[in-house]
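I am attaching a structure below and will ask some questions about it afterwards.
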Amino acid sequence: MRLTKISKPKIHYFNPGHEAAIHSGSAHYTPTATVRKMMTDLALLPLWYSDAGDYVWVDNIVDAFGFISTIPHEIRPQACPISLAEMPELYANIISLEAAPWGISPQSIHFFETLRSHLPLLSIPQWNETLVCLTSRCTAIDCLLELSSLTNVMPPQIFTNLNDIQKFMETCPLPCIIKTPFSCSGKGLRWIYSRKWDEPTRRWISGALKKQQSVSIETALDKVCDFAMEFEADGDGHVIFKGLSVFNTSADGAYNGNVLAGKILLEKYLTDFVSAGDLDKVREVVRTVLEKRIGTTYKGLLGVDMLIYRQNASFHIHPFIELNLRRTMGHISLQLGKRLVHPSAQGRFIISCQQASEAYRTHLQMTKKHPLQIDGGKIRSGYFSLCPVAAGTKYRAYVEINSETK
């Protein structure tokens, strides 16, 4: 089965946290200051997954071209930054483009609609209200229930009021994790270690219920490895597997980076614990469930977060923690592995957040300490920032490559 490749050039727009925009339901949704800062600092991230002839939306076109000019020619991306507010004459000959947001939402659709006065033939996806339900964690819970033949993991329980949560917490196994229905990448969750809540925990749960009307609670597992399976839906009811991604999270579950390696090595990270046959079975059953759930409602990239956990001295797969109906950092890591990493090397793709002065200082230190070594148009070793880093930058996206596979 092959997805039809659309030859029309795309205009990419990095809008992380689009789940919150979907929950708001508003075309005029305004992201939090934190998310807006991430959007600004990492606006050029789509350079690394776009194709030649594509465009990437930025606020500051001059800084964007300045950054691209510093990238070694051997690995320089071929997409072009675009900002109609500055230097519009550069794009006067653009006739037809396809809108390509990081994640589709009423807000991202509205953003592209505002560009139509400059790009009248811009093709924009239509919003489908069914995507609200599919984006919620409730869909992931439903999918997990359909995968009962693959796992004995107890599905999360959904609650809509504080009293029921308190009652449930009297007997549920600890530690457990409380999650809001619309969040991603380890955000919107709270770890609970005690049956007696402190005031910050009580306020967090009350606030979550007020903002999103419900939360889910699940028992924490003895995790040994985070990973995801990345897919693409063609909009005609077919879903194809794109690859595995192995990623890292902080102690509180927040995403902080992916392993960059070839297919064989990525699989070995997992087959050190579970069999290749088990992975193949999970992949096919999950793909079938996705085809049933998504059908013709969604077209585009998506990912399913999973993990391997230890129970009674053996290892098992949790096959469906979270459904991400958007491009994921796992998809980017697959692209980076193909485009940038030398066959004899491996490394990490990292998203970090620091105070502005600290981020810039760290960037300069890493640039000096780990100089870039390029061989045959690929990075053999070194540190390389995927987006510009300046004195006011807080979010960085970068790769660290080792010269030898391990």
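Keep in mind that the numbers below use all heavy atoms, side chains included, and drop hydrogens, waters and symmetry copies. Starting from 1, each residue takes its place in the sequence as its number.
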Worksheet entry | Side-chain ion pair, Arg348 and Glu400, N-O less than 4.0 Å |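 Salt bridge: yes.
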Fill in: Presence of salt bridge, Lys268 and Asp272, under 4.0 angstrom
yes
Discussion item. To the nearest 0.5 Å, what is the distance between CG on Asn324 and CG on Leu302?
Written reply: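 If we round to the nearest 0.5 Å, Asn324:CG and Leu302:CG are 8.5 Å apart.
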Worksheet item: Taking C-beta and beyond as the side chain, do Phe320 and Thr151 meet within less than 4.5 Å on heavy atoms?
Response: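 Heavy-atom side-chain distance check fails, nothing below 4.5 Å.
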Worksheet entry | Trp57/Tyr13 aromatic ring centres below 6.0 Å | no
Item to complete: Measure from the side-chain N and O atoms of Thr139 to the backbone N and O of Thr135, and report whether any donor-acceptor pair falls under 3.5 Å.
Response: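 Here the side-chain-to-backbone pair does not exist.
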Worksheet item: Looking at CD1 of Ile82 and CG of Leu97, how far apart are the two atoms once the value is rounded to the nearest 0.5 Å?
Response: 6.5 Å
Worksheet item: Any ion pair linking Lys378 and Asp375 (charged N to carboxylate O, less than 4.0 Å)?
Response: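 Result for this pair is no, no salt bridge flagged.
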Fill in: Close side-chain approach of Asp226 to Val246, heavy-atom, < 4.5 Å
no
Worksheet entry | Polar side chain donor-acceptor pair, His28 to Ser26, under 3.5 angstrom | no
Worksheet item: Quick one: NE2 on His342 to CD1 on Ile379, what's the gap to the nearest 0.5 Å?
Response: 11.5 Å
Worksheet item: Taking Ser206 for the side chain and Arg203 for the main chain, is one N or O donor matched with an acceptor at less than 3.5 Å?
Response: no
Discussion item. If I take atom CG from residue Leu45 and atom SG from residue Cys387, how far apart are they, to the nearest 0.5 angstrom?
Written reply: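 Reported value, rounded in 0.5 Å steps: 5.0 Å.
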Response to the item:
Phe67 meets the ring pair (Phe, Tyr, Trp, His ring centres under 6.0 Å) criterion, sequence neighbours left out, with none
Fill in: ring pair (Phe, Tyr, Trp, His ring centres under 6.0 Å) evaluation trace for Tyr398 with Tyr383
CA-CA 7 Å; Tyr398 61 92; Tyr383 162 81; 5.3 Å; yes
Item to complete: Classify the side-chain pair Ser183/Arg137 by whether it contains a donor and acceptor separated by less than 3.5 Å.
Response: yes
Practice prompt. May I ask you to decide if Gly103's main-chain N or O and Arg327's side chain share a donor-acceptor pair within less than 3.5 Å?
Written response: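 No: the side chain of Arg327 does not pair with the backbone of Gly103.
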Discussion item. Using modelled atom types and a 3.5 Å cut-off, is there a donor and acceptor pairing between side-chain atoms of Thr271 and backbone atoms of Val274?
Written reply: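 No, the answer is negative, given that no donor and acceptor are paired below the 3.5 Å cut-off.
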Worksheet item: Between the side chain of Ser136 and the main-chain N/O of Cys133, is any donor-acceptor distance below 3.5 Å?
Response: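 Looks like no, no N/O pair under 3.5 Å.
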Practice prompt. Ignoring hydrogens and angles, tell me if any N or O in the side chain of Asn15 forms a donor-acceptor pair with the backbone of Trp102 under 3.5 Å.
Written response: yes
Worksheet item: Got more than 12 heavy atoms from elsewhere within 6.0 Å of NZ, Lys211?
Response: no
Worksheet item: Do Asn256 and Ser250 get their side chains close enough for a donor-acceptor pair, meaning under 3.5 Å?
Response: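 Side chains of Asn256 and Ser250: no pair found under 3.5 Å.
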Item to complete: Say whether, by atom type as modelled, one donor and one acceptor occur between the side chain of Gln354 and the main chain of Ser352 under 3.5 angstrom.
Response: no
Fill in: Verdict with reasoning, Thr297 to Asn128, per side chain to side chain donor-acceptor pair (under 3.5 Å)
CA-CA 7 Å; Thr297 303; Asn128 186 327; 4.8 Å; no
Practice prompt. Report yes or no: is the cationic atom of Arg287 (NZ for Lys, CZ for Arg) closer than 6.0 Å to the six-membered ring centre of Phe241, at no more than 45° off its axis?
Written response: no
Worksheet item: Do Asp51 and Arg339 meet the salt-bridge criterion of a basic N to acidic O distance under 4.0 Å?
Response: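 Here Arg339 pairs with Asp51 in a salt bridge, since their nearest N and O are under 4.0 Å apart.
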Discussion item. Could you measure the distance from the CG atom of Leu336 to the CE atom of Met329? Nearest 0.5 Å is fine.
Written reply: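 Going from the CG atom of Leu336 to the CE atom of Met329 covers 10.5 Å.
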Fill in: Residue pair Glu230 / Ser245, side-chain donor-acceptor N/O under 3.5 Å
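Glu230 vs Ser245: donor-acceptor pair found between side chains.
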Fill in: Polar contact flag, side-chain donor to acceptor under 3.5 angstrom, Ser314-Asn312
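No, no side-chain donor-acceptor contact under 3.5 Å.
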Worksheet item: Do Lys37 and Thr32 have a side chain donor and acceptor closer than 3.5 Å?
Response: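 Side-chain D/A pair, Lys37 to Thr32: absent.
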Worksheet item: Would you call Leu270 and Leu266 a side-chain contact if the rule is heavy atoms closer than 4.5 Å?
Response: no
Worksheet item: Counting distance only, does the side-chain N/O of Arg190 pair as donor-acceptor with the main-chain N or O of Ile178 below 3.5 Å?
Response: no
Fill in: Side-chain heavy atoms of Glu199 within contact of Trp197, under 4.5 Å
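With C-beta onward as the side chain, the pair stays apart.
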Worksheet item: Taking NZ, NE, NH1 and NH2 as the nitrogens, is one of them in Lys299 or Glu232 under 4.0 Å from a carboxylate oxygen of the other?
Response: no
Worksheet entry | Distance, nearest 0.5 Å, that separates CD1 of Ile104 from CD1 of Ile22 | 8.0 Å
Worksheet item: Just wondering, do Arg76 and Ile68 contact through their side chains at under 4.5 Å, heavy atoms?
Response: yes
Donor-acceptor pairs under 3.5 Å, side chain of residues 113-122 to any protein atom, not counting sequence neighbours: which ones?
{"unit_1": "Thr114", "atom_1": "OG1", "unit_2": "Phe111", "atom_2": "O", "d": "2.4"}
{"unit_1": "Arg116", "atom_1": "NE", "unit_2": "Leu122", "atom_2": "O", "d": "3.3"}
{"unit_1": "Arg116", "atom_1": "NH2", "unit_2": "Leu122", "atom_2": "O", "d": "3.1"}

Worksheet item: Is Leu209 close to Ile165 at the side-chain level, that is, under 4.5 Å between some pair of heavy atoms?
Response: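 SC-SC contact between Ile165 and Leu209 confirmed.
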Practice prompt. Answer yes or no: are there more than 12 heavy-atom neighbours, outside Glu358 itself, under 6.0 Å from its atom CD?
Written response: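 Yes, enclosed.
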Discussion item. Whether Glu146 and Arg293 form a salt bridge (side-chain N of Lys/Arg under 4.0 Å from carboxylate O of Asp/Glu) is what I want to check.
Written reply: yes
Worksheet item: Any chance the side chains of Arg396 and Ser385 put a donor and an acceptor closer than 3.5 Å?
Response: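 Looking only at side-chain atoms, Ser385 and Arg396 do not form any donor-acceptor pair under 3.5 Å.
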Discussion item. Atom CZ of residue position Arg283 - does it have more than 12 heavy atoms of other residues, nucleotides or ligands inside 6.0 Å?
Written reply: yes
Worksheet item: With a 6.0 Å cut-off on ring centres, are His370 and Phe384 close enough?
Response: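 No, ring centres 6.0 Å or more apart.
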Discussion item. A side-chain contact here means heavy atoms from C-beta on lying under 4.5 Å apart; do Val286 and Phe231 qualify?
Written reply: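 Yes - at least one pair of side-chain heavy atoms lies under 4.5 Å apart.
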Discussion item. For Gln373, is there any backbone N or O sitting under 3.5 Å from a side-chain donor or acceptor partner on Arg380?
Written reply: no
Worksheet entry | Validation row, ring centre Phe159 to ring centre Phe168 under 6.0 Å | yes
Worksheet item: Could you go step by step and tell me if Thr34 and Lys394 meet the side chain to side chain donor-acceptor pair (under 3.5 Å) rule?
Response: CA-CA 10 Å; Thr34 299; Lys394 291 184 66 176; over 6 Å; no
Discussion item. Can you tell me if Lys281 has over 12 outside heavy atoms packed within less than 6.0 Å of its NZ?
Written reply: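 No, because the 6.0 Å sphere around NZ of Lys281 holds 12 heavy atoms or fewer from other groups.
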Discussion item. Tell me if the OH atom of Tyr309 is crowded by more than 12 foreign heavy atoms within 6.0 Å.
Written reply: yes
Discussion item. For His23 and Tyr29, I'd like to know if the aromatic rings sit close, meaning centre-to-centre distance below 6.0 Å.
Written reply: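 Ring-ring flag for His23/Tyr29: false, centres at least 6.0 Å apart.
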Item to complete: Go through the steps to decide whether Phe273 and His316 satisfy the test ring pair (Phe, Tyr, Trp, His ring centres under 6.0 Å), and finish with yes or no.
Response: CA-CA 8 Å; Phe273 304 104; His316 309 270; over 10 Å; no
Discussion item. Taking atom CD as the centre, does Gln355 end up with more than 12 heavy-atom neighbours from other residues, nucleotides or ligands that are less than 6.0 angstrom away?
Written reply: no
Discussion item. Taking Leu260's backbone N and O only, do any of them form a donor-acceptor pair with Ser333's side chain (distance below 3.5 Å, no angle check)?
Written reply: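 Judged by distance alone, no pair lies under 3.5 Å.
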